[in-house]
Each structure stands twice: as C-alpha cells, then as structure tokens.
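Since the structure comes first, as structure tokens, the remarks are kept for the end.
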Amino acid sequence: MNTQIENTRTRALRLGVAGPVGTGKSSVVATLCRSLRHEFQIGVITNDIYTDEDARFLRAEGVLPVERIRAVETGACPHTAIRDDVTMNLLAVEDLERDFAPLDIVLIESGGDNLTATFSPSLVDAQIFVIDVAGGGDVARKGGPGIGRADLLIVNKVDLGPHVDVDVEQMLKDARAARGGAPVLAHSKKYPDTEKALCDWVRHLHQAHVSGTHIPADPGPMAPHFHAMEEGGYIHRHGDETHPHVHR
C-alpha cells in the first residue's frame, strides 16, 4: 500500500483556519465542532500571542469536551507559529492526537492576522481562509495567498451586508474572480443552509483525506509585510532565508 495513503489513514485530518482579526474564525470553528461532533472525533488547537482567549470561548460554548480544546500562546506574531516555525503547534497537535486517539479531525485556528497569513503544509493538510463582510466589500479584491489559494475561502457574516453598505453579491463575485474557480462559501451563523454547506465541504474533504485522494497544497509564502517597532520597524519576507528582514 502507498505509504502516503497509509499515513493519512492513521492520523487525523489537520485543517487550518486563518484570517484577519475579527472575521469570525472562532465562530467557524465552533460551528464545525457543534455540527460534526456526533459524526467525527474532533480536537482543536487555538493560537493567540499572549492569551488563551479563543480556547476559553470555545470551551464556554460547550462545543467539545474542554480537554479536547487546547491553546498555544505563540509569544510572537501568530503567523510565525503557523508558517515559519510550526514546532509548538505541531507538538500540540501530536499531543492531542496521542491523548485522544483516534481523532478524525484536528482544527487549528490561527491567531488573528492580516491578509497574508497561510499555514505551512508541514502543519496542516488543508486550510480555510476567513474574511468578513464587515471588514469591507473590497477585501476580496485585495487578494493574497490566503484569499487566492486556500482550499476554501469563507466570506463570513453575509447577513450584515445591508447594515454596513456592502454589496454581498459583488463581494462574492470578486472573491470567485480572485480564486479562479476555487471554492468560495458565503456564510453566516444566522443562515443554517450556509452552515450546512460548510460542514458538507469538511465531510467531503475528510473523505478525500481518508481515501488518500486529497493532496495538500501550499498556498505559497506570505507576502512581505511591515512589523512596527518603537524605533522604526522592519519588512518581513517569508521564505527568504538569505534576507529574511529588511530594516527601516
């Protein structure tokens, strides 16, 4: 039997959830846990810089047994722990899988970051990128590796469109154009049909993972971005080991 297929059958599907601050990543994770917990054995890893706030939110919601929800405090920009050095997250995932074997799905929620955040394929098998209507109707047009090449793009909080003067249909059209036909899901926790569509997508992904037909794809390194500091700051370029930082 093919070793790669055998490996996918003996460990959980690892699914990353990334996106900017406030887009509703934790709510997406909560929806998946609440809706799928009777079909799959699920565990969750959350990421924040200095807090376990997202883990505490999920525990308070009662979406899973509290011991299956664990927090990683990155101590640095969240994208560093999901892209550059995934060690702390990888260890947390492996500990979770060992303690509750066999798990079917491990959801790894990134700390809130900007439009450039992507997961390393050494950490996750697939990734969801979440943007939201309240962040502005032009967000999808801005692109980036997460928007353009994640396995699924969620345009969240579509119920808020009329309240924030955003044309949701145009935003979805822009998102589909940015992704060249890759899946885009309009989503709101107030619309059960969109929650069902999200869960159906994860069911299909899990089946592909188990059968060995899903091949993890790297969305590409995060775009260069500026880190502000007390004395200026620096531009951080991922994937360039020769010149990882350009200081200003």
Side-chain angles (χ1 to χ4, degrees), residues 15-32 44-55 57-58 71-84 86 89 107-120 123-124 126-161 163-168 170-172 174-179 182-189 194 198 219-228 233 235-238:
L15 178 58
V17 181
V21 174
T23 54
K25 297 182 295 299
S26 294
S27 291
V28 167
V29 171
T31 292
L32 290 172
V44 175
I45 304 293
T46 66
N47 278 245
D48 273 308
I49 300 176
Y50 299 122
T51 180
D52 62 351
E53 181 72 23
D54 291 337
F57 164 78
L58 293 170
V72 169
E73 294 184 34
T74 64
C77 293
H79 60 240
T80 301
I82 67 167
R83 180 79 205 182
D84 295 340
V86 302
N89 268 295
L107 300 169
I108 307 170
E109 180 189 350
S110 171
D113 213 306
N114 51 44
L115 291 175
T116 69
T118 60
F119 286 84
S120 167
L123 177 59
V124 301
Q127 46 197 294
I128 294 171
F129 199 84
V130 185
I131 59 176
D132 75 299
V133 169
D138 61 342
V139 172
R141 293 198 300 272
K142 293 181 178 180
I147 287 177
R149 298 188 292 277
D151 296 86
L152 174 68
L153 176 67
I154 292 178
V155 179
N156 203 16
K157 307 178 187 177
V158 292
D159 58 295
L160 296 181
H163 304 289
V164 293
D165 294 326
V166 169
D167 183 338
V168 173
Q170 183 61 50
M171 190 173 182
L172 292 170
D174 292 340
R176 295 184 184 106
R179 288 175 57 75
V184 175
L185 175 64
H187 181 267
S188 168
K189 64 181 181 181
T194 67
L198 171 60
M222 296 162 61
H225 46 280
F226 186 73
H227 290 257
I235 297 173
H236 189 181
R237 290 190 173 94
H238 292 255

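All figures in this text were calculated on a predicted structure; none of them were measured in a lab.
- A 4.5 Å side-chain heavy-atom check between T74 and T80 finds every atom pair outside the cut-off.
- Taking R176 as the reference, nothing meets the side-chain hydrogen bond (donor to acceptor under 3.5 Å, both in side chains) condition, with sequence neighbours excluded.
- The distance from atom CG of L32 to atom CD1 of I128, rounded to the nearest 0.5 Å, is 6.0 Å.
- Exactly one residue among H79, R149, R83 makes a side chain to side chain donor-acceptor pair (under 3.5 Å) with T118. That residue is R83.
- Under the 3.5 Å distance criterion, with hydrogens and angles disregarded, no donor-acceptor pair is assigned to the side chains of D54 and T46.
- How far CG of N47 is from NZ of K25: 10.5 Å, rounded to the nearest 0.5 Å.
- The shortest side-chain heavy-atom distance between V164 and K157 does not fall under the 4.5 Å cut-off.
- Residues V124 and L15 form no side-chain contact, since every pair of their non-hydrogen atoms from C-beta on lies 4.5 Å or further apart.
- Between V168 and V158, the shortest heavy-atom distance links the atoms CG2-O, 3.7 Å.
- Under the 3.5 Å distance criterion, the side-chain polar atoms of D151 are matched with a main-chain donor or acceptor of Q127.
- Here the side chains of V17 and I154 are not in contact, with every heavy-atom distance at 4.5 Å or above.
- From D48, atom CG reaches atom OG of S110 across 8.5 Å, with rounding to the nearest 0.5 Å.
- Between the side chain of T23 and the backbone N or O of D132, no donor-acceptor pair lies under 3.5 Å.
- Minimum interatomic distance between L115 and P20 (heavy atoms only, all atoms of both residues): CD2-CG, 3.7 Å.
- Of all the heavy atoms in A178 and A140, the pair that sits closest is CB-O, 3.8 Å.
- Residue V139 comes nearest to M171 through the heavy atom pair CB-CE, 4.3 Å, listed as atom of the first residue, atom of the second, then distance.
- To the nearest 0.5 Å, atoms CD1 (I147) and OG1 (T116) are separated by 10.5 Å.
- Annotation for A55 and A71: closest pair CB-CB, 3.7 Å, computed over non-hydrogen atoms.
- Inspection of the S26 and E109 side chains reveals an N or O donor paired with an N or O acceptor under 3.5 Å.
- Heavy-atom minimum distance, V184 versus L172: CG1-CD2, 4.1 Å.
- Proximity of a side-chain donor or acceptor of N156 to a complementary backbone N or O of V130 within less than 3.5 Å is not detected.
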